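Scroll down for the structure; my scribbles are underneath it.
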Amino acid sequence: MCSQAIERWFAAEARNLPWRSNRTPWRSLVSEFMLQQTQVARVLERFEPFLERFPAAKDLAVADVQEVLSMWQGLGYYRRARNLRCAAQAIVTEFGGEVPLDVDALLTLPGVGRYTAGSIASIVGRRRVAIVDGNVTRLLARVYCDGGIPEDRSYVNRMWSRSQALVEESEFPARLNEGMMELGAVICTPTSPSCDVCPLNDRCQSLSAGCVAEIPPAKRRANRAVLHHHSVVIRRRGKLLLERRPESGLWAGLWQAPAIEGDGELSGGELADQLGFPVERLARLGSITRQLTHRTVHIHVHVADLASGVRMPEVDGRKWVRDADLSGLPLSSAALAVLAVPGAAAC
DNA sequence: GAGTCGTGGTA
DNA sequence: TTACCAAGACT
């Protein structure tokens with residue numbers, strides 16, 4: 001009964017999103033990767049260009065990682081882009097180029113977990129399987145007035161059990177699952193939900209108990225460690241010196257102005273000593289701060305000239321690029337912000 | 001179970 | 001300004 005109320009609501013209220021029209025398994029897989037921990041509005045900017053460049057799994061499977069990262073620029077969590085490429089390769093080698101539609105097969109793909117597998121299998125493959133994401137968790141916690149702790153495994157298991165029960169009584173599992181997510185996204189929102197127009201407001205236990213605002217409780221987050229990056233913008237003959245970050249960790253494999261990273265601040269002399277190559281006229285331009293999920297990164301932006309007479313040939317992980325060619329390389333939003341600091345731009 | 005991995009909007 | 005949050009997965 002709960003299921004059908006959600007299905008009716010979704011059939012009438014669904015937004016027209018690009019991955020819902022022309023819904024092929026491949027388009028759905030790409031959208032699911034992009035939507036992991038990422039809001040719809042941000043995905044909308046990147047979805048169609050990515051699909052145009054990689055219209056099928058076989059196209060992404062043979063693509064260069066750097067180009068894939070470039071197409072992912074601005075979305076964050078860049079490991080998803082690498083996983084999606086690896087998944088595309090597995091789809092080609094293991095599944096004949098077609099995205100599998102069974103949960104067990106989907107779970108073998110890198111970057112595909114319980115939620116993503118269930119979403120593809122139910123919405124595209126029409127399988128009767130459950131899904132639980134952030135939206136569904138909030139919706140179910142409120143409907144059943146579950147004041148538990150989101151970090152507890154038993155809490156997560158309860159959500160999957162409830163979702164499974166709803167799917168089993170559902171008339172259209174695909175519509176139910178998508179409807180639960182949409183309902184959570186536009187009605188049962190984290191703050192100030194629109195209970196007055198919610199199709200479940202006649203059976204929501206939190207609403208009748210008056211505790212909607214307290215459920216679910218905020219996830220506790222560890223304090224963010226503070227990092228200091230010291231970036232140096234260096235130009236010569238109209239080109240900008242960039243380095244590629246390590247293949248693991250933060251912003252893995254993305255490009256940036258050469259930087260020294262540490263726990264504290266550095267004097268200009270210390271920075272020059274640690275750079276690994278001689279610079280002249282090192283000057284500090286200012287600082288920017290990026291708040292990440294688990295870190296606060298203060299980026300101190302400098303400008304300098306390469307010492308005269310010093311050669312700095314391109315090697316693996318180092319490039320001289322014109323500003324016009326920057327768009328071809330993957331840079332994090334932070335790295336782009338560094339280059340946008342007044343005084344860092346090309347003259 | 002807790003930490004890692006981005007980004008930008010919102011209150 | 002600070003904190004929370006989003007169609008999570010992986011270690």
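Since the model is a prediction, treat every value here as computed from it, not as a measurement. Any value given below was found using the heavy atoms of this structure, including those in side chains, with hydrogens, waters and symmetry copies removed.
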**Message:** Does anything in residues 106-129 of chain A come within less than 4.0 Å of DNA chain C? Heavy atoms only, and list the residues if so.
**Reply:** P110(A), G111(A), V112(A), G113(A), R114(A), Y115(A), T116(A)
**Asked** Under the salt bridge (charged side-chain N to carboxylate O under 4.0 Å, His left out) rule, what pairs show up with a residue in residues 297-314 of chain A, not counting sequence neighbours?
**Response** R281(A)-D305(A)
**Asked** What are the residues of residues 245-262 of chain A, sorted by number, that bring a heavy atom to within less than 4.0 Å of DNA chain C?
**Response** none
**Request:** Mark yes or no for whether N201(A), through its side chain, and C195(A), through its backbone, hold a donor-acceptor pair below 3.5 Å.
**Result:** yes
**Message:** dT4(B), OP1 or OP2 - any side-chain N/O from Y77(A) closer than 4.0 Å?
**Reply:** no
**Asked** Quick one: do W19(A) and L101(A) end up in the same hydrophobic cluster if we chain Ile, Leu, Val, Met, Phe, Trp and Tyr together by side-chain heavy atoms under 4.5 Å apart?
**Response** yes
**Request:** Describe the nucleic acid contact of W19(A) in one word from base, sugar-phosphate, nothing, applying a heavy-atom distance below 4.0 Å.
**Result:** base
**Request:** For W251(A), check side chain to side chain donor-acceptor pair (under 3.5 Å) against everything at least two apart and list the hits.
**Result:** none
**Asked** Quick one: is dC5(B) close enough that its OP1 or OP2 comes under 4.0 Å of any side-chain N or O from R295(A)?
**Response** yes
**Message:** For L292(A) and T191(A), find the nucleotide of DNA chain B closest to each by heavy atoms; which residue's nucleotide sits nearer the 5' end?
**Reply:** L292(A)
**Request:** Please work out which of the three classes, parallel, tilted or perpendicular, describes the rings of F50(A) and W72(A), given edges at 30° and 60°.
**Result:** perpendicular
**Prompt:** When you measure from the side chain of T296(A) to the backbone N and O of V226(A), does any donor-acceptor pair fall under 3.5 Å?
**Reply:** no
**Prompt:** Reckon L17(A) touches a base, only the sugar-phosphate, or nothing at all at heavy-atom distances under 4.0 Å?
**Reply:** base
**Message:** What's I131(A) touching, base or sugar-phosphate or nothing? Going by heavy atoms closer than 4.0 Å.
**Reply:** nothing
**Atom of R128(A), atom of E168(A) and distance for their closest heavy-atom approach** = NH1-O, 3.6 Å
**Asked** Which residue pairs pass the side-chain hydrogen bond (donor to acceptor under 3.5 Å, both in side chains) test when at least one of the two sits in residues 320-339 of chain A, sequence neighbours left out?
**Response** R235(A)-D323(A)
**Message:** Taking the C1' atom in each of dA7(C) and dG3(B), what is the distance between them to the nearest angstrom?
**Reply:** 22 Å
**Request:** Determine whether K239(A) and R236(A) make a side-chain contact, defined as any pair of heavy atoms from C-beta on separated by less than 4.5 Å.
**Result:** no
**Request:** Could you list all the salt bridge (charged side-chain N to carboxylate O under 4.0 Å, His left out) pairs where at least one residue sits in residues 177-199 of chain A, not counting sequence neighbours?
**Result:** R15(A)-E182(A), R20(A)-E178(A), R20(A)-E182(A), R23(A)-E178(A)
**Request:** Let me know the distance between CD of Q291(A) and P of dC5(B), rounded to the nearest Å.
**Result:** 16 Å
**Message:** For a quick check, tell me whether the side chain of T293(A) and the base of dG6(B) share a donor-acceptor pair closer than 3.5 Å.
**Reply:** yes
**Complete:** Quick note, salt bridge (charged side-chain N to carboxylate O under 4.0 Å, His left out) partners involving residues 241-256 of chain A, not counting sequence neighbours, are R82(A)-E247(A), R244(A)-E247(A), R244(A)-D316(A), R245(A)-E261(A)
**Sub-4.0 Å heavy-atom contacts from residues 22-48 of chain A onto DNA chain C, ordered by number** = E32(A), L35(A), Q36(A), Q37(A), Q39(A)
**Item:** Salt bridge present between R27(A) and E48(A) (N-O < 4.0 angstrom)
**Value:** yes
**Asked** Taking only residues two or more places apart in sequence, or in another chain, which ones meet R142(A) in a side chain to side chain donor-acceptor pair (under 3.5 Å)?
**Response** none
**Request:** Sticking with atom P, work out how far dG6(B) lies from dT11(C), rounded to a whole angstrom.
**Result:** 15 Å
**Asked** Is the phosphate of dA11(B), meaning OP1 or OP2, less than 4.0 Å from a side-chain N or O of S192(A)?
**Response** no
**Message:** With side chain to side chain contact (heavy atoms under 4.5 Å, CB included) as the criterion, how do I260(A) and H229(A) come out once you've worked through the C-alpha distance, each side chain's angles and the decisive distance to 0.1 Å?
**Reply:** CA-CA 6 Å; I260(A) 301 298; H229(A) 288 194; over 6 Å; no
**Request:** Walk along DNA chain C from 5' to 3' and tell me the first and last nucleotide with an atom closer than 4.0 Å to a non-hydrogen atom of chain A.
**Result:** dC4(C) to dC10(C)
**Complete:** In short, salt bridge (charged side-chain N to carboxylate O under 4.0 Å, His left out) pairs touching residues 145-161 of chain A with sequence neighbours left out are D146(A)-R158(A), D146(A)-R162(A)
**Prompt:** When the distance from CG of L69(A) to C1' of dC5(B) is rounded to whole Å, what number comes out?
**Reply:** 13 Å
**Request:** Would you verify whether the NZ or CZ of R114(A) falls within 45 degrees of the ring axis of W160(A) while also being under 6.0 Å from that six-membered ring's centre?
**Result:** yes
**Item:** Pairwise P distance, dA2(B) and dC4(C) [rounded to whole Å]
**Value:** 16 Å
**Request:** Return the residues of residues 134-155 of chain A meeting this criterion: a heavy atom under 4.0 Å from some atom of DNA chain C. Order them by number, or give none.
**Result:** G134(A), N135(A), R138(A)
**Message:** Rounded to the nearest 0.5 Å, what separates atom CG in N177(A) from atom CZ in F10(A)?
**Reply:** 10.0 Å
**Asked** Should S333(A) be listed as having a side-chain N or O under 4.0 Å from OP1 or OP2 of dT7(B)?
**Response** yes
